[in-house]
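Have a look at the structure below before the remarks.
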2 protein chains.
Amino acid sequence: MKRKVTLKQIAKELDVSISTVSKSLRNSAEISEDTKLKVQAFAKLYNYRPNNIALSLKNKKTKTIGIIIPEIVHHFFATVISGIEQVANENGYNVIVCLSNESFDKEVINMEVLANGSTDGFIMSLSKETQQKKDFHHIEEVINQGMPVVMFDRITNDVLCDKVIIDDQRAAYEAVDFLINNGFKNIALVTTVDYVSVGKLRTDGYTNAMQDHDMPVSDNMIVKIEDIDNCATKIEKLLLENKPDAIFAVNELFAVTSIKLATKMGIKVPEELSVIGFTDGIISQFSSPSITTVSQNGIKMGGRAAQMLIDRLELEEENEQYTTELIETHLVERESTSTL
Amino acid sequence: MKRKVTLKQIAKELDVSISTVSKSLRNSAEISEDTKLKVQAFAKLYNYRPNNIALSLKNKKTKTIGIIIPEIVHHFFATVISGIEQVANENGYNVIVCLSNESFDKEVINMEVLANGSTDGFIMSLSKETQQKKDFHHIEEVINQGMPVVMFDRITNDVLCDKVIIDDQRAAYEAVDFLINNGFKNIALVTTVDYVSVGKLRTDGYTNAMQDHDMPVSDNMIVKIEDIDNCATKIEKLLLENKPDAIFAVNELFAVTSIKLATKMGIKVPEELSVIGFTDGIISQFSSPSITTVSQNGIKMGGRAAQMLIDRLELEEENEQYTTELIETHLVERESTSTL
DNA sequence: GAACGTTACGCAAACGTTGTCGTGTTGAAA
DNA sequence: TTTCAACACGACAACGTTTGCGTAACGTTC
């Protein structure tokens, strides 16, 4: 086993000082060509690579981005990570991923651990519990210590920092608008509980679209789901009692679940019921019928978030100007909607 | 903005030495109660936390695990990461994730970068290109430098290290066996090209099961797919010309694609064609019909891999004994298979 | 009052870098 | 021969920690 070689070892081996070795490898003009060549050859032979940790300590920069998200077994979050990773990599950064599992405490702990020197900044999406508690002291604190934070998707306006989101309300509005323009009269909404910020915004988009077209917004037509595992009865009740001709669901899972339940009840999709989902993930693409959905480009979102963070990291002067960037969405028409 | 406080600053503030502060905070018996209390109170007030980077440099341990996988927008890999993260976290480790995007070069670069002090060890799954080239020098090198590596799923026997896999061949055998026992006579295989190790093993499992039941293994009944985007014609040809009554697909995507194509051609699943997939991901669960599949527990796989790595990291003496652990699989019966 | 033990702290090295500054040796100009 | 720049290199500090060891001050013992 040959352990990694250090400057000190090279110096000892060649009988020069550590500084000479360091300077030679960085091609300093201070060192003679002879010595430089000798050192460089030796370093190459022994495959010398500077120790990242030592560099981090010296430079006070880790070239590492901390990502804190609720979960990773989730198509959208996975695409965002993918986008972050790509941009980070292009800029010489690595990413360290922490999962909050929707828990406030774990989110706090993860941030605190990473903030102690492990990363230069954060990209994060809030856990449900954090959104519910509205407690953002851990994020404020990190920002206060001079570490930039970029929030995406599940954000809060209570924290001043860069943000990347889609225009959830508008995207939902357009989806519902699409249904209305196609002649649907009885449009139901399957959404999350209100404290999930994106759920709330999408709900608002639905409401606004309905109202703008002078269509009634009835509580009977709105199902708010807290726990996906126990949502069946609620949706079945909706289908049975209110007979919607279209459903707008605020995520894939709600969409596909609605379709499955409808099919089981003998309601044909899309002939008797059209369904639009949100998030263009695996489910929307591969379920039968495939699902018409609002596509949010996670790769792009992650990429932008990473770029914003890196830009801020590599800026010398502090910039108190924070921006919120909108990633455009578009409706992907598939098989789950019919045009009447 | 209040930057993070260091031992030095506390020492200066309280007019004691750095060592006194350090020892006080670690509750050393060398320091008087008075001083300890004073220092601890001050540290708490200023929310002192040791700098991870400095600790890493000193201890030559980063408490970080490097994960290198082909992609992350992939249900199975996401579950594995989730499993790794959980166990890592319980043991005070963080994970840093790198994606090879199935590229050999990127895999090599990622390993080299992380090996320069950023992580204590690796958990990885080989990129397709690496499996094709059979070039594992980057992994050998890392191991040679004393960093443990645990490989999972896409492994190679050419490298000596701990491994976590499912018994791909056996799992495939059992799936095909299940079909045979249910009376299917004309069982096709949709698989990958041979250099993908798991694809090959699953193919072998199919072949063995067929042979053990004295059923013919015909090349016509085996479709090897290199590129998912251009596989339609091959599968259509299979369905049209060879009229299988069942298909065993070596992954979800192949399974769902086969079902979709069959349905499009008017072949009813499962009435006229039964399909079994591999990997119990989102697609299998939510497509219609839902897909009978071989479930490989990614969470468990990741968890075991992490535990193996950590065990080795926290062992003092070197242990040249490497183990390959098998994670059990089981068949999840759903709607895509009928019992004749 | 000398010898010794205990207490409570500080010094310094180490981890692996980088970069500033100081210094010894050369060769050339005066 | 003296002076001085240019050259080539080394010493050292710094980044933030931990820890072994040295030591000043004090109190006890005979």
Side-chain angles (χ1 to χ4, degrees), chain A residues 3-40 42-43 46-64 113-120 145-147, chain B residues 3-40 42-43 46-64 113-120 145-147:
Chain A
R3 279 235 136 73
K4 294 216 74 93
V5 65
T6 68
L7 289 184
K8 190 192 274 194
Q9 288 163 34
I10 299 182
K12 193 171 176 187
E13 212 63 43
L14 295 179
D15 207 36
V16 291
S17 78
I18 294 178
S19 346
T20 304
V21 178
S22 175
K23 286 170 189 165
S24 297
L25 293 177
R26 330 207 98 244
N27 231 326
S28 159
E30 264 185 87
I31 308 295
S32 72
E33 281 305 316
D34 276 7
T35 312
K36 278 199 276 195
L37 286 176
K38 192 176 65 180
V39 172
Q40 285 166 5
F42 192 92
Y46 281 86
N47 197 26
Y48 169 80
R49 294 278 180 280
N51 181 300
N52 291 331
I53 298 293
L55 287 181
S56 295
L57 184 58
K58 181 126 192 42
N59 302 333
K60 291 170 159 274
K61 283 191 185 170
T62 60
K63 285 277 192 173
T64 302
V113 171
L114 293 194
N116 296 325
S118 301
T119 65
D120 295 340
Q145 286 167 8
M147 306 184 70
Chain B
R3 278 237 137 71
K4 293 216 74 92
V5 66
T6 68
L7 289 184
K8 188 193 276 196
Q9 289 163 32
I10 299 182
K12 191 173 178 185
E13 211 64 42
L14 296 180
D15 207 36
V16 291
S17 78
I18 295 179
S19 354
T20 303
V21 177
S22 176
K23 286 169 186 168
S24 297
L25 294 177
R26 330 206 95 245
N27 231 326
S28 160
E30 267 186 80
I31 308 296
S32 71
E33 280 306 316
D34 277 7
T35 312
K36 278 199 274 194
L37 286 176
K38 193 175 63 179
V39 172
Q40 284 167 5
F42 193 92
Y46 282 85
N47 196 27
Y48 169 80
R49 294 278 180 278
N51 181 301
N52 291 331
I53 298 293
L55 287 180
S56 295
L57 184 59
K58 181 124 191 44
N59 301 334
K60 292 170 157 273
K61 284 191 185 171
T62 60
K63 285 275 191 176
T64 302
V113 170
L114 293 194
N116 295 324
S118 301
T119 64
D120 294 341
Q145 286 167 7
M147 306 183 70

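In what follows, chains carry the letters A, B, and so on, assigned in the order in which the sequence lines appear, proteins first and then strands, with residues in each chain numbered from 1. Bear in mind the structure is a predicted one, so any value in this text is a computation, not a measurement.
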Using atom types as modelled and distance alone, determine if a side-chain donor or acceptor of A:Asp120 lies under 3.5 Å from a backbone N or O of A:Thr62. yes

How do B:Ser19 and A:Ser19 order along DNA chain C: which one's closest nucleotide is nearer the 5' end? B:Ser19

Passes side-chain hydrogen bond (donor to acceptor under 3.5 Å, both in side chains), A:Ser22 versus A:Ser19? Steps please. CA-CA 5 Å; A:Ser22 175; A:Ser19 346; over 6 Å; no

Main chain of A:Leu114, side chain of B:Asn52: is a donor-acceptor contact present, judged purely on distance under 3.5 Å? no

Who are the side chain to side chain donor-acceptor pair (under 3.5 Å) partners of A:Asn51, not counting sequence neighbours? none

Please list, chain by chain and in numerical order, all residues satisfying salt bridge (Lys or Arg N to Asp or Glu O under 4.0 Å) with A:Glu13, sequence neighbours excluded. none

Rounded to the nearest Å, what distance is computed from the CG atom of residue B:Leu7 to the P atom of nucleotide D:dA14? 16 Å

Show every salt bridge (charged side-chain N to carboxylate O under 4.0 Å, His left out) that has at least one partner inside residues 16-32 of chain B, sequence neighbours left out. B:Lys23-B:Glu30

B:Lys8 vs D:dT17: side-chain N/O to OP1/OP2 distance below 4.0 Å: no

Would you find more than 12 non-hydrogen atoms of other residues, nucleotides or ligands less than 6.0 Å from A:Asn27 atom CG? yes

Can you pull the contact range of chain B along DNA chain C, 5' to 3', using atoms under 4.0 angstrom from its heavy atoms? C:dA8 to C:dG16

Would you tabulate the nitrogen or oxygen pairs shorter than 3.5 Å linking the protein to nucleotides 5-9 of chain D?
unit_1	atom_1	unit_2	atom_2	d
D:dC9	OP1	A:Thr35	OG1	2.5
D:dC9	OP2	A:Ser32	N	2.9
D:dC9	OP2	A:Ser32	OG	2.9
D:dC9	OP2	A:Thr35	OG1	3.0
D:dC9	N4	A:Glu30	OE1	2.4

Applying a 4.0 Å non-hydrogen cut-off, can you work out what A:Ser22 is touching in the nucleic acid: base, sugar-phosphate, or nothing? base

Residues forming a salt bridge (Lys or Arg N to Asp or Glu O under 4.0 Å) with B:Lys58, sequence neighbours excluded: none

In residues 49-61 of chain B, what residues come within less than 4.0 Å of DNA chain C, judged by heavy atoms? B:Leu57, B:Lys58, B:Lys60

Rounded to 10 degrees, the angle between the two terminal axes of the helix from C:dG1-D:dC30 to C:dA30-D:dT1, each from five pairs: 90°

I'd like to check the salt bridge (Lys or Arg N to Asp or Glu O under 4.0 Å) partners of A:Lys36; sequence neighbours left out, ordered by chain and number. A:Glu33

Contacts of type side chain to side chain donor-acceptor pair (under 3.5 Å), residue B:Thr35, not counting sequence neighbours: B:Ser32

Of the non-hydrogen atoms in A:Ile53 and B:Leu57, which two are nearest, and what is the gap between them? CG2-N, 3.6 Å

Pairing residues for A:Ser24 by the side chain to side chain donor-acceptor pair (under 3.5 Å) criterion, not counting sequence neighbours: none

ring-ring contact (aromatic ring centres under 6.0 Å, His included) against A:Tyr48, all qualifying residues, sequence neighbours excluded: none

